[in-house]
There are 2 protein chains.
Amino acid sequence: MDSTTPVRRKITLSDIAAGCDVSRATVSLVLRGSPLVNKHTRARVEEELRRQGYVYNRAAANLRRRTSSSIALVLNDLANPFFAEFAAGVDAAVGDAGFVTLLGCTSESSTREQAVLGSLIEHGPAGIILSPAEGSSAQQVLAAMGAQTPLLLFNRELGGNLPEYAHWDLLILDNQRGTRLATEHLISRGHRHIAFFGGHRDSSSCRQRHAGYAEAMQAAGLRIEPHWQVECAPTRLDAASQTAALFAATPAPTAAVCYNDAVALGLMLGLNQRGLHPGRDFALTGFDDIAEASMSMPPLTTLSTAPRERGRQAAELLLLRLREPSADTRRTIAPVKLMVRESSCPPHTA
Amino acid sequence: MDSTTPVRRKITLSDIAAGCDVSRATVSLVLRGSPLVNKHTRARVEEELRRQGYVYNRAAANLRRRTSSSIALVLNDLANPFFAEFAAGVDAAVGDAGFVTLLGCTSESSTREQAVLGSLIEHGPAGIILSPAEGSSAQQVLAAMGAQTPLLLFNRELGGNLPEYAHWDLLILDNQRGTRLATEHLISRGHRHIAFFGGHRDSSSCRQRHAGYAEAMQAAGLRIEPHWQVECAPTRLDAASQTAALFAATPAPTAAVCYNDAVALGLMLGLNQRGLHPGRDFALTGFDDIAEASMSMPPLTTLSTAPRERGRQAAELLLLRLREPSADTRRTIAPVKLMVRESSCPPHTA
DNA sequence: TGCTGTATTTGGAACGATCCAAATTCGGAG
DNA sequence: CTCCGAATTTGGATCGTTCCAAATACAGCA
C-alpha cells in the first residue's frame with residue numbers, strides 16, 4: 001500500500017510500529033524528533049511513515065498532553081475589510097507560533113456571540129481573541145466561555161464590569177488621539193467650523209473618537225454647534241443620505257472629522273450630490289486608512305491603523321499571556337498615524 | 001466551588017459522576033440528551049454540571065467516536081473583500097451545521113498553501129474548502145493533505161491532473177457567461193471598440209473571463225485590436241497605472257470590460273487622471289459587485305457574484321459530500337447577474 | 001567473563017469521552 | 001411473594017497519542 005493509493009482506515013502509530021517492528025513509544029519519539037532514538041531506527045521508522053502515508057493526530061496528542069494547539073478568533077464583522085485584514089494578521093502570527101485559528105463570526109449580535117463562544121470553547125482553544133459585538137457585556141462573555149481560557153479583547157471594551165480574577169487583556173486603537181490629531185490638522189489649515197460626522201454614540205470607539213474631536217476644538221477655543229454632530233450608521237450609504245443634516249442650519253461647517261473611512265467616503269458622495277467638491281469646497285478626514293482611502297477622489301486624509309499589524313499584535317499579546325498566565329492584565333493602546341492627503345484642503349473662502 | 005469561582009483543574013465527566021454518585025456512562029448519556037436516563041437522575045446531573053461549571057471536551061469525544069466537528073477553510077487572500085464575505089458565508093453555514101471553522105490563509109503562495117494544509121489536516125477536519133493559491137497544482141495539494149479528506153475547490157481550478165480516486169468537488173463562478181453578458185450589454189449600447197482590461201492570463205478565472213469577452217465580440221463580428229487587451233495585477237493601483245496602455249494606439253477603445261471591480265475602479269481613477277469622465281466619455285464594467293461598486297462615481301455596472309451566498313453554498317456542497325462520501329464528483333457553476341448601472345454609458349461620440 | 005554505565009527501547013497506564021454487553025432496579029401480573 | 005419484561009444504570013474496553021518507570025542492549029574495562 002504505497003502513499004498514492006487511497007486507504008480506508010486511518011493509519012495510526014500502532015500501524016507504523018507494527019510495520020517496522022518497534023514499539024509505539026519509539027515511533028512517538030521519532031515523530032517528536034527526540035534525540036533518544038537510534039539513528040538507524042529513526043530512518044527505518046521515517047521510511048515506514050512515508051510508506052503508509054501517516055498523518056499525525058494532533059487531537060489525540062493534545063488530549064494526552066493536556067495542551068491545545070488552537071486559538072479562537074471571534075469577530076463581530078468579518079465582511080468589514082478592517083476586520084478581514086485583522087484576521088489575516090492574526091492567522092499569520094497564530095500559524096507562525098504553530099497554532100491553528102478557529103474562526104467565529106457573530107454578525108454584531110451578542111446572542112450569536114454567546115453561541116459562538118460556547119461552541120468554540122468546547123474545542124478547547126488555548127486562548128480567545130474577541131472583537132465584541134455591540135452591546136455585549138462582560139457577564140455574558142464570562143457565562144459563555146468561563147474563566148479558564150485567556151481572552152484578549154480587541155477594538156471595543158465590554159459593557160458591565162468584569163470579574164477581577166479573569167485575566168482579560170485589551171488591545172484598542174488610540175481613537176481619541178487620532179481624531180484629536182485630525183481635528184488639530186484641520187484647525188491648522190484654517191478651519192473654524194468643523195463637524196463630527198457619523199458613528200453611533202453608544203459604541204465605545206465612537207465615543208472616544210468624538211472625545212478627541214471635542215478635546216481639540218475646546219483646546220483651540222472653538223465652539224461646536226449642535227447640528228455639526230451628526231450620527232449615522234458606519235456605512236457609505238447611510239453617510240451619504242445624512243449629508244444634508246450638516247447644512248440644515250447656519251453656520252454650516254467647512255470641514256468634518258468623520259467617524260471612519262466608510263463614512264467619509266459616503267460623505268464625499270453626499271457632497272458631490274449637493275454640487276460640492278470634497279477637497280476643494282469642503283475638507284474632511286476619515287479613520288482606518290482602508291485600501292480605498294488613498295485611491296478615492298480626492299485621496300482621503302485619514303488615520304492609519306494598520307489592521308494586519310494589529311492582528312499580529314493581538315496574537316502576540318495572547319501568546320505572551322499563554323506563557324505567563326498570571327501576569328498582570330495588559331491594556332495596550334495601539335498608535336494611529338495621520339496620513340495627510342488632499343481631502344483636507346484649507347477652507348474654500350480663505 | 002460555585003460557577004463564578006475560577007477553578008484550577010479542568011472538570012471532567014468523572015468529576016460530575018462522582019459529584020452526584022452516578023457512573024460516567026450515565027453522565028455521558030445526559031450530556032447527549034439520551035431518552036434512556038430517568039427524569040429525576042437527569043435533573044440531578046444537570047444541576048451538578050451547572051454547579052461545577054463543566055465544559056464538554058469535544059476533542060475527546062471526537063477521538064472516541066472517530067468523528068470530526070470542524071471544517072477547514074483555506075483562502076488565498078482573506079484581505080480581499082470578496083473572500084472575506086465568502087468566509088463569513090462559509091462560517092455561518094458551517095456553524096449552523098454544528099461544525100466549527102478552521103481558518104488558514106496562504107497569501108497567494110503555493111508553498112505556504114502546502115504548509116497550511118499540512119498543519120490543518122493534523123487537526124482532522126471533516127472536510128476542506130480550498131481557494132487555491134495561484135499556480136498551485138493538484139499533486140501539491142494531494143501531497144499535503146492526502147486523499148482521505150473530502151475537498152471542495154472554490155473559485156479556481158488546480159493545475160495538473162488530479163487522481164481519479166480523489167473526490168474533489170468544485171464550485172466556480174460562471175466567469176465566461178458573466179463577461180459575455182457584460183460585453184453584449186456594451187455592444188447593445190452601441191460600442192464597437194471594446195477592450196478587455198486587467199487580470200493575469202495565467203489564472204483560470206482570468207482566462208475564462210477573457211473567453212466570454214472574446215466570444216461576445218466574435219459573435220457580433222467585432223475585431224479585437226491587440227492593444228485593447230491589457231494585463232495588470234488585480235488591484236486598483238496597478239490598474240490605474242496601466243490605463244495609458246489602452247490609448248497607446250488607434251483606434252482607442254470607447255469601453256472596457258474589466259477583470260474585476262478593483263480593476264474597474266482603478267481604471268476609473270486612471271481615466272480621471274487623463275481628464276476622461278468614466279460613465280460619460282468612456283464606458284466600463286467590473287466583476288464581483290463589491291460593496292463599493294454601487295457607491296462609486298459613477299456607480300459601476302458589474303456582475304454580482306453574491307460572495308456570502310457562495311460561501312454558504314460551498315459549505316453546503318461540502319456537507320453534502322460528507323453525507324455521501326462516494327457520490328459522483330460535483331462541478332457546480334454558480335450563476336452571476338449583470339447589474340446595470342451608470343458606468344456603462346453609450347459611446348460619447350454617438 | 002563479569003560488571004558497570006550509557007544508549008535505546010518498551011509495556012502499560014493515562015488523557016476524557018463513548019460504546020456495548022451485562023447488571024440492576026422497578027412495576028405490575030399471576 | 002415470585003417472576004418477567006421494560007426501564008435504567010453501569011463497568012470496562014477503546015479511540016490515538018504521550019508519559020514514565022523499568023527493561024534491555026551495547027560498549028568498554030578490568
Side-chain angles (χ1 to χ4, degrees), chain A residues 7-46 48-49 52-70 121-126 146 148, chain B residues 7-46 48-49 52-70 98 121-126 146 148-149:
Chain A
V7 272
R8 337 230 143 274
R9 206 169 43 77
K10 256 195 181 154
I11 304 298
T12 75
L13 268 194
S14 310
D15 296 311
I16 305 302
C20 54
D21 216 45
V22 293
S23 71
R24 294 190 330 276
T26 303
V27 180
S28 176
L29 289 173
V30 170
L31 283 176
R32 285 173 290 154
S34 158
L36 286 178
V37 308
N38 181 290
K39 215 155 59 159
H40 180 251
T41 316
R42 147 160 301 131
R44 251 184 22 204
V45 171
E46 277 172 348
E48 187 70 12
L49 288 168
Q52 298 205 31
Y54 171 81
V55 247
Y56 188 67
N57 183 336
R58 201 168 286 276
N62 282 336
L63 175 59
R64 176 65 238 252
R65 304 182 50 195
R66 305 155 134 278
T67 54
S68 163
S69 56
S70 59
I121 205 77
E122 293 187 348
H123 290 84
Q148 301 282 43
Chain B
V7 274
R8 335 230 145 274
R9 206 170 42 76
K10 255 195 181 155
I11 305 298
T12 76
L13 266 195
S14 310
D15 296 310
I16 304 300
C20 53
D21 216 47
V22 292
S23 72
R24 293 189 335 276
T26 304
V27 180
S28 176
L29 290 173
V30 169
L31 282 176
R32 283 172 293 153
S34 159
L36 287 178
V37 308
N38 180 291
K39 216 158 52 166
H40 179 250
T41 317
R42 150 160 299 132
R44 252 186 21 208
V45 171
E46 277 172 348
E48 187 70 13
L49 288 168
Q52 297 205 30
Y54 171 80
V55 250
Y56 188 69
N57 184 333
R58 202 168 286 277
N62 283 336
L63 175 60
R64 177 64 238 258
R65 304 181 51 195
R66 305 155 135 279
T67 54
S68 162
S69 56
S70 59
I121 205 77
E122 293 187 348
H123 289 84
Q148 302 282 41
T149 311

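So that the names make sense, note that chain A is the first sequence line, chain B the second, and so on, each numbered from 1.
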Closest listed nucleotide, where the reference is the side chain of [X] and the choices are [options]:
{"X": "B:L36", "options": "D:dT9, C:dA17, D:dT10", "answer": "D:dT9"}
{"X": "B:Y56", "options": "D:dT18, C:dT18, D:dG16", "answer": "C:dT18"}
{"X": "B:R24", "options": "D:dC19, C:dA17, D:dG16", "answer": "C:dA17"}
{"X": "A:V37", "options": "C:dT10, C:dT18, C:dT9", "answer": "C:dT9"}
{"X": "A:A25", "options": "C:dG16, D:dT10, D:dC20", "answer": "D:dC20"}

Nearest-Å distance for atom pair [atom1]/[atom2], residues [X] and [N]:
{"X": "B:H40", "N": "D:dT9", "atom1": "NE2", "atom2": "P", "answer": "10 Å"}
{"X": "A:N62", "N": "D:dT17", "atom1": "CG", "atom2": "P", "answer": "12 Å"}
{"X": "B:D21", "N": "D:dT9", "atom1": "CG", "atom2": "P", "answer": "12 Å"}
{"X": "A:N38", "N": "D:dT24", "atom1": "CG", "atom2": "P", "answer": "19 Å"}
{"X": "B:Q52", "N": "C:dG16", "atom1": "CD", "atom2": "P", "answer": "13 Å"}
{"X": "A:R65", "N": "D:dT17", "atom1": "CZ", "atom2": "C1'", "answer": "10 Å"}
{"X": "A:D15", "N": "D:dC15", "atom1": "CG", "atom2": "P", "answer": "11 Å"}
{"X": "B:L13", "N": "C:dC19", "atom1": "CG", "atom2": "C1'", "answer": "13 Å"}

* Asked: Counting any heavy atom closer than 4.0 Å, what does A:T26 reach on the DNA or RNA strands: base, sugar-phosphate only, or nothing?
  -> base

* Would you mind telling me which residue lines up with the more 5' stretch of DNA chain D, B:L29 or A:T12, judged by nearest nucleotide? => B:L29

* Position toward the 5' end of DNA chain D (nearest nucleotide), B:R66 or B:P35 -> B:P35

* Structure fact -> Separation between CG (B:N62) and NE2 (B:H123), nearest 0.5 Å, reads 12.5 Å

* How far apart are the C-alpha atoms of A:R9 and A:D15, what are their side-chain angles, what is the distance that settles it, and do they pass the side-chain contact (heavy atoms from CB on, under 4.5 Å) test? -> CA-CA 10 Å; A:R9 206 169 43 77; A:D15 296 311; 3.2 Å; yes

* Asked: Would B:V22 and B:R44 count as a side-chain contact (heavy atoms from CB on, under 4.5 Å) if you check the C-alpha gap in whole Å, the side-chain angles of each, and the deciding distance to 0.1 Å?
  -> CA-CA 10 Å; B:V22 292; B:R44 252 186 21 208; 3.3 Å; yes

* Asked: Do any side-chain nitrogens or oxygens of A:S23 fall under 4.0 Å of OP1 or OP2 in C:dG11?
  -> no

* **A:T41 vs C:dT9: side-chain N/O to OP1/OP2 distance below 4.0 Å** => yes

* Determine whether any donor atom in the side chain of A:R64 lies under 3.5 Å from an acceptor atom in the base of D:dT18, or the reverse, and answer yes or no. => yes

* To do: For side-chain contact (heavy atoms from CB on, under 4.5 Å), just list the numbers for A:L49 and A:L31, CA-CA rounded to whole Å, side-chain angles, deciding distance to a tenth of an Å, and then say yes or no.
  => CA-CA 9 Å; A:L49 288 168; A:L31 283 176; 3.8 Å; yes

* Tell me, with the steps shown, if B:V27 and B:Y54 meet side-chain contact (heavy atoms from CB on, under 4.5 Å). => CA-CA 11 Å; B:V27 180; B:Y54 171 80; over 6 Å; no

